[in-house]
J.: 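Quick one: structure below, then a few questions.
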Amino acid sequence: MDLNTIREIARPQTRAQLPVWAAGDAWLAGGTWLFSEPQVHLNRLIDLTDLKWPALTVSEKHLSIAATCTVAQLDALACAPDWIAAPLIGQCCRAFLASFKIWKTATVGGNICMSLPAGPMISLASALDGVCTIWRANGSEHQIPVADFVVGNQRNLLASGDLLRQIDIPLTALRRRSVFRQISLTPVGRSAALLIGTLDSDGALSLTVTASTVRPIKLSFADLPVRDALRAAILQQVPDSMYHDDVHGEPLWRKHMTLRLAEEIRSELAIGS
C-alpha cells in the first residue's frame, strides 16, 4: 500500500546518524506490516537496512539474531550438530501466517516488536531464553528477556524512539531437548496456541506458552512433573484473564488446548528421560 503522507525517508548508516525521533516517525525494516494498511499518522520513515547489521552471528556463547534478519535468513541457518533444539527454528518459521515471499522480507525484530500473541519469533526467542538488546533513544543500551519484553497484545517495553537491535540466544538453550506444539482454529489460520517445552541435561523443564495468551508465559520445573502437577501449575500460573480472545479462538478453547498441548509435550519429553 502506498503511504502518501510520507515526506522523508532517512537512511542512517551508523548509530550516530540515527535522526532524533519525532512524532510521525516509524522504523522501517521489512515493512510487511507497515505497508499493509494506511499509516496516516506517519510522515517520516527511518530505513534500517543501510545499517547493514550481520543477520546471524555465532559466538562461543550465543547465537545473535539481528532485528533486521529476515525469516528466510533465519530458516536457512546452518546449525551445529549439537544444537538439538534447532528444529524449533524451522517449526516457528512455518508457524507464520505468511508465504515464502513474505519470509524474504519480514524480519525477526519486526515480528517481536509487533508483539502479537501469535508472533512465532516471540515464541522461539522466549522458549530459548532469548535476550533483547534495545538501543534507547537517549543513546544508552538496555537488555531484557524476550519473555518479559512483550507485555500484552501488541504491547511491549519499547519507549518512543527506542530500537530493538538484536536478540541473543544462549547456545546452552539450543542444546536442550525440545518439543513443539501448535494449533490453529482453521487449517491455515493464525496460531491459537503455540507451546514449546525444553528439557536440559539436569532434567529441568521449561514450558513456554504463547499464542493462547496475550503475552509469553514461562513455567519452570526442577524436574519433569507428573501430569496432575503440570496441569495444576498451568491453572495456577496462567489466570483466565491471560487467555487471548479474538476471531482466531475463544479464551475457553485456548485454555483447553493449552492444557492438552502441554500434556503432549510433557509425555513426549518423558520418553527417554
Side-chain angles (χ1 to χ4, degrees), residues 1-59 61-74 77 98 102-116 119-122 124-126 130-170 215-216:
M1 174 172 291
D2 293 336
L3 303 183
N4 55 20
T5 60
I6 301 300
R7 299 194 299 268
E8 179 186 357
I9 300 178
R11 294 185 172 87
Q13 296 182 354
T14 65
R15 183 174 184 180
Q17 294 177 0
L18 291 174
V20 175
W21 188 266
D25 285 350
W27 303 115
L28 171 62
T32 52
W33 174 80
L34 195 63
F35 290 100
S36 70
E37 59 183 59
Q39 309 286 350
V40 295
H41 62 293
L42 298 181
N43 52 56
R44 180 171 66 170
L45 301 179
I46 304 173
D47 191 342
L48 303 177
T49 55
D50 280 352
L51 291 168
K52 299 188 185 309
W53 296 331
L56 296 156
T57 305
V58 180
S59 67
K61 294 185 177 181
H62 296 96
L63 165 64
S64 295
I65 306 171
T68 50
C69 174
T70 66
V71 176
Q73 288 173 318
L74 179 61
L77 174 65
I102 298 297
W103 279 25
K104 296 180 180 180
T105 304
T107 61
V108 174
N111 186 251
I112 292 174
C113 290
M114 272 298 295
S115 301
L116 291 167
M121 297 297 96
I122 299 170
L124 176 68
S126 295
V131 175
C132 297
T133 295
I134 299 169
W135 283 1
R136 296 293 197 193
N138 64 9
S140 64
E141 285 190 6
H142 178 63
Q143 291 188 319
I144 187 169
V146 175
D148 297 329
F149 172 76
V150 178
V151 296
N153 179 22
Q154 293 190 275
R155 294 190 298 116
N156 58 54
L157 295 180
L158 286 179
S160 179
D162 287 353
L163 174 62
L164 176 61
R165 167 60 180 89
Q166 67 190 47
I167 304 95
D168 293 321
I169 293 176
R215 62 170 177 82

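Counting begins at 1 with the first residue of the sequence.
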J.: Tell me the salt bridge (Lys or Arg N to Asp or Glu O under 4.0 Å) pairs involving residues 20-29, sequence neighbours left out?
T.: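 Applying salt bridge (Lys or Arg N to Asp or Glu O under 4.0 Å) to every pair that reaches into residues 20-29, excluding sequence neighbours, yields D25-R44.
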
J.: Side chain to side chain donor-acceptor pair (under 3.5 Å) with R165: which residues, sequence neighbours excluded?
T.: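 With neighbours one apart ignored, the set is empty.
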
J.: Output all residues satisfying side chain to side chain donor-acceptor pair (under 3.5 Å) with T70, sequence neighbours left out; order by chain, then residue number.
T.: Q73

J.: What residues, two or more places apart in sequence or in another chain, satisfy side-chain contact (heavy atoms from CB on, under 4.5 Å) together with A26?
T.: L34, L42, L45

J.: With W33, which residues qualify under ring-ring contact (aromatic ring centres under 6.0 Å, His included), at least two apart?
T.: none

J.: Please report the closest heavy-atom contact between S36 and T32, naming both atoms and the distance.
T.: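 Closest approach of S36 to T32, heavy atoms only: CB-O, 3.4 Å.
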
J.: Please, which pairs that meet ring-ring contact (aromatic ring centres under 6.0 Å, His included) have at least one residue in residues 146-167, sequence neighbours excluded?
T.: none

J.: Looking at side-chain heavy atoms only, is the closest gap between W27 and D162 below 4.5 Å?
T.: no

J.: Quick one: CG on L158 to OG on S115, what's the gap to the nearest 0.5 Å?
T.: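 Those atoms lie 7.5 Å apart.
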
J.: Is the side chain of N43 donor-acceptor paired with the backbone N or O of I6 at a distance under 3.5 Å, no angle test?
T.: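 Pair absent, no side-chain N/O of N43 close to backbone of I6.
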
J.: Would V151 and L157 satisfy side chain to side chain contact (heavy atoms under 4.5 Å, CB included), going step by step from the backbone distance to the final call?
T.: CA-CA 7 Å; V151 296; L157 295 180; 3.7 Å; yes

J.: Calculate, to the nearest 0.5 Å, the distance between atoms CG and CD belonging to L63 and Q166 respectively.
T.: 10.0 Å

J.: Do you know the tightest heavy-atom contact between I122 and P216?
T.: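 Heavy atoms only, the tightest pair is CG2-CG, 3.5 Å.
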
J.: For S64 and D168, work out which heavy atoms get closest and say how close.
T.: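 Heavy atoms of S64 and D168 come nearest at OG-OD1, 2.5 Å.
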
J.: For the residue pair P19 and I46, what are the closest heavy atoms and their distance?
T.: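 Of all heavy-atom pairs spanning P19 and I46, the closest is CG-CD1, 3.6 Å.
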
J.: Please find the pair of heavy atoms, one from A125 and one from I112, that lie closest to each other, and give the distance.
T.: CB-CD1, 4.5 Å

J.: Quick one: list whatever passes side-chain contact (heavy atoms from CB on, under 4.5 Å) with T107, sequence neighbours left out.
T.: A29

J.: Considering only heavy atoms from C-beta outward, does the side chain of L164 approach that of N156 to under 4.5 Å?
T.: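 With C-beta onward as the side chain, the pair stays apart.
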
J.: Just list the side-chain donor-acceptor pairs under 3.5 Å for residues 139-148, sequence neighbours left out, or say none.
T.:
residue: S140; atom: OG; partner: N138; partner atom: OD1; Å: 2.6
residue: E141; atom: OE2; partner: W135; partner atom: NE1; Å: 3.2
residue: Q143; atom: NE2; partner: T133; partner atom: OG1; Å: 3.1

J.: What residues, two or more places apart in sequence or in another chain, satisfy side chain to side chain donor-acceptor pair (under 3.5 Å) together with R155?
T.: none

J.: Could you name each residue pair satisfying side-chain hydrogen bond (donor to acceptor under 3.5 Å, both in side chains) that touches residues 3-21, not counting sequence neighbours?
T.: W21-S160

J.: Determine the minimum heavy-atom distance between C69 and L74, stating which atoms define it.
T.: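 Answer, listing the atom of C69 first, then L74: SG-N, 3.9 Å.
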
J.: With T105, which residues qualify under side chain to side chain donor-acceptor pair (under 3.5 Å), at least two apart?
T.: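 Per chain and number, T105 pairs via side chain to side chain donor-acceptor pair (under 3.5 Å) with no residue.
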
J.: Between L48 and L163, is there a side-chain heavy-atom distance shorter than 4.5 Å?
T.: yes

J.: Using side chain to side chain contact (heavy atoms under 4.5 Å, CB included), reason through L116 and N153 one step at a time and then give a plain yes or no.
T.: CA-CA 5 Å; L116 291 167; N153 179 22; 4.1 Å; yes

